[in-house]
Amino acid sequence: MEKDRTEHELLSVVAYLYYYADMNQADIADRLFISRSTVSRLIKKARSSGVVELKINEPWQRNLVLEDRLKSILGVSGARVLAGDSSIPDDTALTMLGEMVSFYISCNMESSDILGISWGNTFSRVVDSIVSGRRIPFTVVPIMGSLTWPKVNPESTEINYRFSKSYSAKFVPLDAPLYADDTETFTNLYRKSDVAAALETARSADMVLTGVASIDDIIEENKTSKAALDKLKQLGCIGRIGGHLYDISGCEIEGNFKDLHIGLSYEELKNIGNVMCVASHIKKAEAVYGAVKSGIVDSLFITESLAEKILSIAADRRV
C-alpha cells in the first residue's frame, strides 16, 4: 500500500513538472536524480493510469451524446456532431464542419498517405473553410469524374486542386466525365493511361472525404432528363455518393448511371475502410442514412439537427 502511494506521488510530481512547470524530461531527471528514460516511462504511466487526464478544448461545441448514439445505433466508427439548433445558417454550419474536417485531417494524415476526395456544393464550402497550419505532402486524388467535363478546368478539378494546395499536398487529376455517353466512350476512357493511373491511386486511398447529394440536389443540377429522373424516383433513389445512386437501404441503383460511371466502384468505396461524409442540411438525412447503410460511410461530420433526423429515420425503419 505504501509502495503504491509512493509511486503515485512520484507520478504526480513528474506530471506536474512536465505539464505545469514546462520542464523538459532532461531537467526533470536531473532534479529527481533519475534517468531520462525513467521520466519518459513515468509520464506515459501518469496518462495511462489516470493521474493525468488530458482535455483538448476544441473551438467547436460538439454534441457528444448524439455522437455516441450514432456510433451505437448506426454502427459508424466515428462521428462529429456540431452542436447548435437548426437556426444556425447552413453556410455557417458548413464552415464550422470544414474546420472540424481540417483539424481531423491535420491530426491523422501522414506524408505517405493517399486521400480520395469528391466534389459538389458541400465539398466546395468545406474547402473554402480549411485553414491548415500543417504542410503535409500526402497525395490527393478524385474518386470520380466530373459533371462539367470536358472543360479545360472542370469545376470539380478546380475544387480538388484548391483542397490539395491547402496542405501543400500532391494532386493527381482524373481527367474524365462522371458518366460516359456510351459503352465505347467508357471503354476508351478506361484505356487512357492517366485515367487508369488516377483510379489505381484512388483504389489505394487510406481515407476518403466526400459529401452526399440528395435526390433534390440531383434534380436541381438539371443535367439529367426528366424521364431519367422520374425513373430514378420509381426505383427508390434517395441519394448519390461518389457518383453512385442508391436507395434508402443503401443498395446501388442499376442502369446506365452504374454501367457508365467513371470512378471507384461501389464495392471499391466499401473497401476503403475510412470514408468520411460531411453534410449539414436536414434535407440530406435520407441520403446520409442510405450512405451509412450501404457500408461505404464509416465516419460522419454533421450538424445536430441532421443527426437527430437521421436517428429518427433509423428508429422508424428499426435501423
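- Side chains of Y167 and S106: no donor on one and acceptor on the other come within 3.5 Å.
- Between the side chains of D175 and W149, at least one donor-acceptor pair of N or O atoms lies under 3.5 Å.
- One N or O on the side chain of D217 and one on the backbone of S214 form a donor-acceptor pair closer than 3.5 Å.
- When all heavy atoms of V140 and A169 are compared, the pair lying nearest together is CG2-CB, 3.8 Å.
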>> Before you tell me yes or no, could you show the steps for E158 and R162 under salt bridge (charged side-chain N to carboxylate O under 4.0 Å, His left out), namely the whole-Å CA-CA distance, both residues' side-chain angles and the distance that decides it to 0.1 Å?
In response: CA-CA 6 Å; E158 191 272 332; R162 281 195 292 119; 2.8 Å; yes

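- Partners of F171 by ring pair (Phe, Tyr, Trp, His ring centres under 6.0 Å), not counting sequence neighbours: none found.
- A donor atom on one side chain and an acceptor atom on the other are not found under 3.5 Å apart for T157 and N160.
- Side-chain N/O atoms of T38 and S35 include a donor and acceptor closer than 3.5 Å.
- For Q25, the side chain to side chain donor-acceptor pair (under 3.5 Å) test picks out no residue, with sequence neighbours left out.
- Judged purely by distance below 3.5 Å, without hydrogens or angles, the side chains of S77 and D298 never pair a donor atom with an acceptor atom.
- Sequence neighbours left out, the pairs with a member in residues 235-244 that pass salt bridge (charged side-chain N to carboxylate O under 4.0 Å, His left out) are E221-R240.
- Residues that satisfy the ring pair (Phe, Tyr, Trp, His ring centres under 6.0 Å) test with F301, not counting sequence neighbours, are Y104.
- Using cut-offs of 30° and 60° on the angle between ring planes, the pair Y246 and Y266 is tilted.
- Residue pairs meeting the salt bridge (charged side-chain N to carboxylate O under 4.0 Å, His left out) criterion with at least one member in residues 258-272, sequence neighbours excluded: R203-E268, E254-K258, E267-K270.
- Across all non-hydrogen atoms, the minimal contact from S294 to G250 is CB-O, 3.3 Å.
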Pairs of donor and acceptor atoms involving the side chains of residues 307-314, under 3.5 Å and at least two apart or interchain, shall be tabulated with distances.
none

